[in-house]
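Working notes, beginning with the structure itself.
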Amino acid sequence: MESENIIYSKKYINCSREELLEAVSEVMSPKRFTHVKGVEKAALELARQYRVDYEKVSIAALLHDYAKEQLDEEMRDIIISENMDLELLQYGNNIWHGPVGAILIRNRFNVTDSEILDAIRHHTVGAPQMGLIEQIIYVADYIEPNRIFEGVEEARALSKSSLKEAIAFSTLKTLKYLLEKNVKIYPRAIETYNAWVVQK
Ligand code: GDP
Ligand code: FE
Ligand code: FE
């Protein structure tokens with residue numbers, strides 16, 4: 001499915017794909033916008049392969065990093081006013097932009113579909129249980145065509161044979177990378193590792 005051919009039904013968001021692209025481009029740098037369009041492309045390929053709704057996948061992909069360049073102060077206020085996990089306050093935008101993004105998107109675009117919102121909410125650290133749309137956005141964010149890092153080709157190949165193996169691979173790689181950097185690990189990332197990487 002070529003992204004340009006998707007026509008939104010307005011069931012999930014009250015605008016066209018072109019209008020959504022415009023709204024997204026206004027809140028981020030050109031480089032990040034290119035990444036977002038790459039995530040949509042990768043996600044739509046996975047949607048075709050795993051037989052998932054193109055429109056929902058397109059919306060989730062285009063909005064997944066919507067909050068990445070929002071101000072920290074505004075993000076903190078949302079974490080508090082929405083009664084989110086206060087542990088979040090010990091982290092920063094890297095961890096916030098998923099869960100806070102889901103709230104902003106509900107408020108600004110009136111998106112209420114839980115599969116779309118959960119895919120955005122969980123795209124950075126994953127979750128122990130993820131539905132197909134969450135899985136697709138999580139993997140597409142890692143393998144989109146503009147990504148260049150060691151292992152990305154292997155992740156792309158895995159995604160063609162098994163979405164679950166691609167999730168396990170990218171989760172382990174990201175966790176190893178973060179441990180090497182001695183940064184604080186968000187506990188949910190460990191839960192994702194336990195659920196998707198550890199052999200049962
Ligand atoms: P992006 O938004 O497209 O750049 O990608 P992600 O949303 O997947 O990740 C955003 C950033 O958060 C990346 O730099 C990750 O390495 C980082 N990140 C992911 N999990 C954790 C974590 O548990 N702790 C910390 N400190 N950073 C994390
Ligand atoms: Fe992100
Ligand atoms: Fe991203």
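This structure is a prediction, so every number in the text was calculated from the model and none was measured. Note: hydrogens, waters and symmetry copies are ignored here, and every other heavy atom, side chains too, is used. Just follow the structure's listing: the first ligand is 1, and inside any ligand the first atom is 1.
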Review point. Which N, O or S atom name in Asp141 marks its closest approach to the Fe ion (ligand 3)?
Key: OD1

Which residue and non-hydrogen atom of the protein lie closest to [atom], and at what distance in Å?
atom: atom 26 (N) of ligand 1; answer: Lys184 O, 3.0 Å
atom: atom 23 (O) of ligand 1; answer: Tyr186 N, 2.9 Å
atom: atom 17 (C) of ligand 1; answer: Asn94 ND2, 4.0 Å

I'd like to check which ligand 1 atoms, numbered from 1 as shown, lie under 4.0 Å from a non-hydrogen atom of [X].
X: Val183; value: 26 (N)
X: Lys68; value: 1 (P), 2 (O), 4 (O), 10 (C)
X: Asp141; value: 3 (O), 5 (O), 6 (P), 7 (O), 8 (O)
X: His123; value: 7 (O)

Salt-bridge contact [X]-[Y] (side-chain N to carboxylate O under 4.0 Å):
X: Lys11; Y: Glu55; result: no
X: Glu82; Y: Arg106; result: yes
X: Arg147; Y: Asp141; result: yes

[X] side-chain N/O to [Y] backbone N/O, donor-acceptor pair under 3.5 Å:
X: Thr192; Y: Ala127; result: yes
X: Asp65; Y: Lys68; result: no
X: Arg156; Y: Glu144; result: yes

Exercise for review: Any chance you could lay out the salt bridge (charged side-chain N to carboxylate O under 4.0 Å, His left out) test for Glu73 and Arg76, step after step, and finish with the verdict?
Suggested key: CA-CA 5 Å; Glu73 266 316 305; Arg76 266 196 209 95; 2.8 Å; yes

Just to check, does [X] reach to within less than 4.0 Å of ligand 1 when the distance is taken from its heavy atoms?
X: Glu144; value: no
X: Ile95; value: yes
X: Arg188; value: no

Going by atom types only, do [X] and [Y] share a side-chain donor-acceptor pair under 3.5 Å?
X: Tyr12; Y: Asn110; answer: no
X: Tyr54; Y: Arg48; answer: no
X: Tyr138; Y: Thr171; answer: yes
X: His97; Y: Gln70; answer: no

**Study point:** the Fe ion (ligand 2) reached by His64 (N, O or S, under 2.8 Å)
**Key:** no

Check your understanding: Closest to the Fe ion (ligand 2), which N/O/S atom of Asp65 is it?
Key -> OD1

Would one find an N or O of [X], backbone or side chain, under 3.5 Å from an N or O of ligand 1?
X: Tyr91; answer: no
X: His35; answer: yes
X: Asp65; answer: yes
X: Tyr177; answer: no

Practice item. Go through the steps for Phe33 and Ser25 under the test side chain to side chain contact (heavy atoms under 4.5 Å, CB included), then give the verdict. Key: CA-CA 6 Å; Phe33 186 54; Ser25 74; 3.7 Å; yes

**Study point:** Heteroatom test (N, O or S) for His35 near the Fe ion (ligand 3), limit 2.8 Å
**Key:** yes

Review point. Are Val100 and Leu88 linked, directly or through other ILVMFWY residues, by side chains that come within less than 4.5 angstrom of each other?
Key: yes

Study note, to complete from the structure: Among Val125, Thr124, Leu178, the residue with a heavy atom nearest to atom 7 (O) of ligand 1 is Thr124

**Study point:** Metal-centred angle, the Fe ion (ligand 2) as apex - NE2 of His97, NE2 of His123, 10° resolution
**Key:** 90°

**Study point:** Proximity of His122 to ligand 1 by residue part, where a heavy atom lies under 4.0 Å
**Key:** neither

Review point. Counting only heavy atoms on the protein side, is anything nearer than 4.0 Å to atom 15 (C) of ligand 1?
Key: no

